[in-house]
Amino acid sequence: VGDEKDILPPKLQDDILDSLGQGVKELKTSEQINEHVSGPFVQFFVKTVGHYASYIKREASGQGHFQERSFCKAVTSKTKRRFVKKFVKTQLFSLFIQEAEKSRNPPAGYFQKKILEYEEQKKQKKSREKTVKISEALSPGIHGLFQLETQSCFKVVSEFETIGVSVSQNFENSHPSS
């Protein structure tokens, strides 16, 4: 209706438009076209509201209650949060949440599958980022670490030699050459 620029967060809008523009020429069947068009929108909703299940608090009876305020606050980006605050007021989202509140387990449908895939990608990305950060933190110190190890070995060797034990002689006696 022309208000997309005011409602949709710019980054997510760009993601949708980029995805829709890629690979259009290769689409041959209506099934491929449907997947190509629906995919970016599903990803959009996965990124914006895919965390909904964490904000359904259950009573002992199993009845769920959606924690709308906490759910909206969990969105860190201000522009995304502004969208989510509007979106949770829609009939579409209300019906979706009503069904989720009734069900003890999230439905094992397409949307839930995409949420799980997205969460797994985020975990893997976070794990890779941690590995990179650790390696970056260690990189400058690896040379120093080897120096420290070498110095420690020399210190141990010199302490053995101080008490009259020849490390090289003991090493040669315990590892005879063939």
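- A side-chain donor-acceptor contact under 3.5 Å links Arg58 to the backbone of Glu101.
- You'll find the side chain of Lys123 stays beyond 4.5 Å of the side chain of Lys126, heavy atoms only.
- Counting only heavy atoms from C-beta outward, the side chains of Val49 and Phe96 never approach each other to under 4.5 Å.
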Expected list for residues 83-91: side-chain donor-acceptor pairs under 3.5 angstrom, two or more places apart:
unit_1 : atom_1 : unit_2 : atom_2 : d
Lys89  : NZ     : Glu68  : OE2    : 2.6
Thr90  : OG1    : Phe87  : O      : 2.7
Thr90  : OG1    : Phe93  : N      : 3.3

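- Between atom CD of residue Gln63 and atom NZ of residue Lys57 there is a gap of 15.0 Å, rounded to the nearest 0.5 Å.
- Legend: salt bridge (Lys or Arg N to Asp or Glu O under 4.0 Å) pairs involving residues 13-31, not counting sequence neighbours, sorted by first then second residue: Lys11-Asp15, Asp15-Lys47.
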For side chain to side chain contact (heavy atoms under 4.5 Å, CB included), just list the numbers for Gln67 and His65, CA-CA rounded to whole Å, side-chain angles, deciding distance to a tenth of an Å, and then say yes or no.
CA-CA 6 Å; Gln67 309 295 307; His65 298 283; 4.0 Å; yes
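- Both Leu92 and Phe111 are part of a single hydrophobic cluster, where members link through side-chain heavy atoms under 4.5 Å apart.
- A salt bridge is absent between Lys122 and Glu119: the closest approach of a Lys/Arg side-chain nitrogen to an acidic carboxylate oxygen does not fall below 4.0 angstrom.
- When each of Tyr52, Phe71, Tyr55 is tested with Phe66 by the rule ring pair (Phe, Tyr, Trp, His ring centres under 6.0 Å), just one qualifies, namely Phe71.
- Interatomic distance, Thr79 OG1 to Gln13 CD, rounded to the nearest 0.5 Å: 11.0 Å.
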Hey, can you pull the donor-acceptor pairs under 3.5 Å for the side chains in residues 33-43, sequence neighbours left out?
unit_1 : atom_1 : unit_2 : atom_2 : d
Asn34  : ND2    : Ser30  : O      : 3.3
Glu35  : OE2    : Tyr110 : OH     : 3.3
His36  : NE2    : Ser19  : O      : 3.4
His36  : NE2    : Leu20  : O      : 2.8
His36  : NE2    : Gln22  : O      : 3.3
Ser38  : OG     : Asn34  : O      : 2.9

